[in-house]
Novice: 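Sharing a structure below in C-alpha cells format, with a few things to ask.
Positions are given from 1 along the sequence. All heavy atoms count here, side chains included; hydrogens, waters and symmetry mates do not.
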Amino acid sequence: QVQLVESGGGLVQAGGSLRLSCAASGRTFSNYAMGWFRQAPGKEREFVAAISKSGGTIYYADSVKGRFTISLDNAKNTVYLQMNNLKPEDTAVYYCAARWGPNTVVVVLTTPTGYDYWGQGTQVTVSS
C-alpha cells in the first residue's frame, strides 16, 4: 500500500556530494519515520540515518556524522539524504525505508527490522 521511489544516486569522485531523494506514495499515516540504509558488496545492510515525522528525532551512524544530513519534507512525503565529502567506503546501494507508527526509539529506527516499507535502492559509487 506504500511505494518508496529513490533517486539521486550516481558516480562521483571522492570529496564530492550527492543528494538522494525518496518519495512516498500510497496510504499515509499520522505518525511515521523514515530512514536510509546502505549495503555494500559482501556486507550486511547497515544503518545510515533516520528521522521522525516531526524532525524532532534524528539518528546518524557514526561513520557519516558530520558529512551526511537527513531531512524530511512532510508536504511532499519525501525524505532526503545530503551526502557531502563522500569517500570510497560510502560506495553502496542506498535504500530508503518507512516505518508507520509512533515509535522513534533508537533501537527501532537504526535496524532494518524496524521498518515496514522499502525502496528498491539507488547505487552510489565513489571513486578515488
Novice: Answer yes if L4 and Y95 sit in the same cluster of Ile, Leu, Val, Met, Phe, Trp and Tyr residues linked by side chain heavy atoms under 4.5 Å apart, and no otherwise.
Specialist: no
Novice: Within this structure, what is the CZ-CD distance for the pair R67 and Q82, rounded to the nearest 0.5 Å?
Specialist: 12.0 Å
Novice: Does Q3 have more than 12 heavy atoms from other residues, nucleotides or ligands lying within 6.0 Å of its CD?
Specialist: no
Novice: Would you mind reporting whether N31 and W100 have side-chain heavy atoms less than 4.5 Å apart?
Specialist: no
Novice: Using side-chain heavy atoms (C-beta onward) and a distance below 4.5 Å, is I70 in contact with Y80?
Specialist: no
Novice: Evaluate side chain to side chain contact (heavy atoms under 4.5 Å, CB included) for V48 paired with Y60, printing each intermediate quantity in order.
Specialist: CA-CA 6 Å; V48 177; Y60 292 103; over 6 Å; no
Novice: Going from CZ on R38 to CD on E44, what distance comes out if it is rounded to the nearest 0.5 angstrom?
Specialist: 14.0 Å
Novice: For the pair F37 and W118, evaluate ring-ring contact (aromatic ring centres under 6.0 Å, His included) and give the outcome as yes or no after the intermediate values.
Specialist: CA-CA 10 Å; F37 292 77; W118 293 84; 5.1 Å; yes
Novice: State, to 0.1 Å, how close A14 and S128 come at their nearest heavy-atom pair, and which atoms those are.
Specialist: CB-CA, 4.4 Å
Novice: Does I51 reach the side chain of T57, with side-chain heavy atoms less than 4.5 Å apart?
Specialist: no
Novice: Do M83 and L81 come within less than 4.5 Å of each other through their side chains, counting heavy atoms only?
Specialist: yes
Novice: Hydrophobic cluster membership, with links at side-chain heavy-atom distances under 4.5 Å among I/L/V/M/F/W/Y: are V126 and V93 in one?
Specialist: no
Novice: So, are K87 and D90 salt-bridged, with charged N and O less than 4.0 Å apart?
Specialist: no
Novice: Just do the side chain to side chain donor-acceptor pair (under 3.5 Å) check on N84 and S17 with the steps written out, would you?
Specialist: CA-CA 4 Å; N84 298 325; S17 299; 2.9 Å; yes
Novice: Looking at Y32, does the NZ or CZ of R99 lie under 6.0 angstrom from its six-membered ring centre and within 45 degrees of the ring axis?
Specialist: no
Novice: Within this structure, what is the CG-OG1 distance for the pair L20 and T78, rounded to the nearest 0.5 Å?
Specialist: 12.5 Å
Novice: Determine whether V105 and F47 fall in the same hydrophobic cluster, where Ile, Leu, Val, Met, Phe, Trp and Tyr are linked whenever their side-chain heavy atoms lie under 4.5 Å apart.
Specialist: yes
Novice: Distance check, rounded to the nearest 0.5 Å: S52 atom OG versus L72 atom CG?
Specialist: 8.0 Å
Novice: Is it true that, when you exclude Q123 itself, more than 12 heavy atoms of the residues, nucleotides or ligands shown sit nearer than 6.0 Å to its CD?
Specialist: yes
Novice: Side chains of L18 and V124: closer than 4.5 Å at any heavy-atom pair?
Specialist: yes
Novice: Are any of the side-chain heavy atoms of W36 and C22 separated by less than 4.5 Å?
Specialist: yes
Novice: Distance check, rounded to the nearest 0.5 Å: N77 atom CG versus K53 atom NZ?
Specialist: 9.0 Å
Novice: Which value, rounded to the nearest 0.5 Å, describes the distance between I58 atom CD1 and T104 atom OG1?
Specialist: 11.5 Å
Novice: Are V2 and Y115 co-members of a hydrophobic cluster defined by side-chain heavy atoms under 4.5 Å apart?
Specialist: no
Novice: Using the rule that Ile, Leu, Val, Met, Phe, Trp and Tyr join whenever any side-chain heavy atoms are under 4.5 Å apart, tell me whether L109 and F68 fall into a single cluster.
Specialist: no
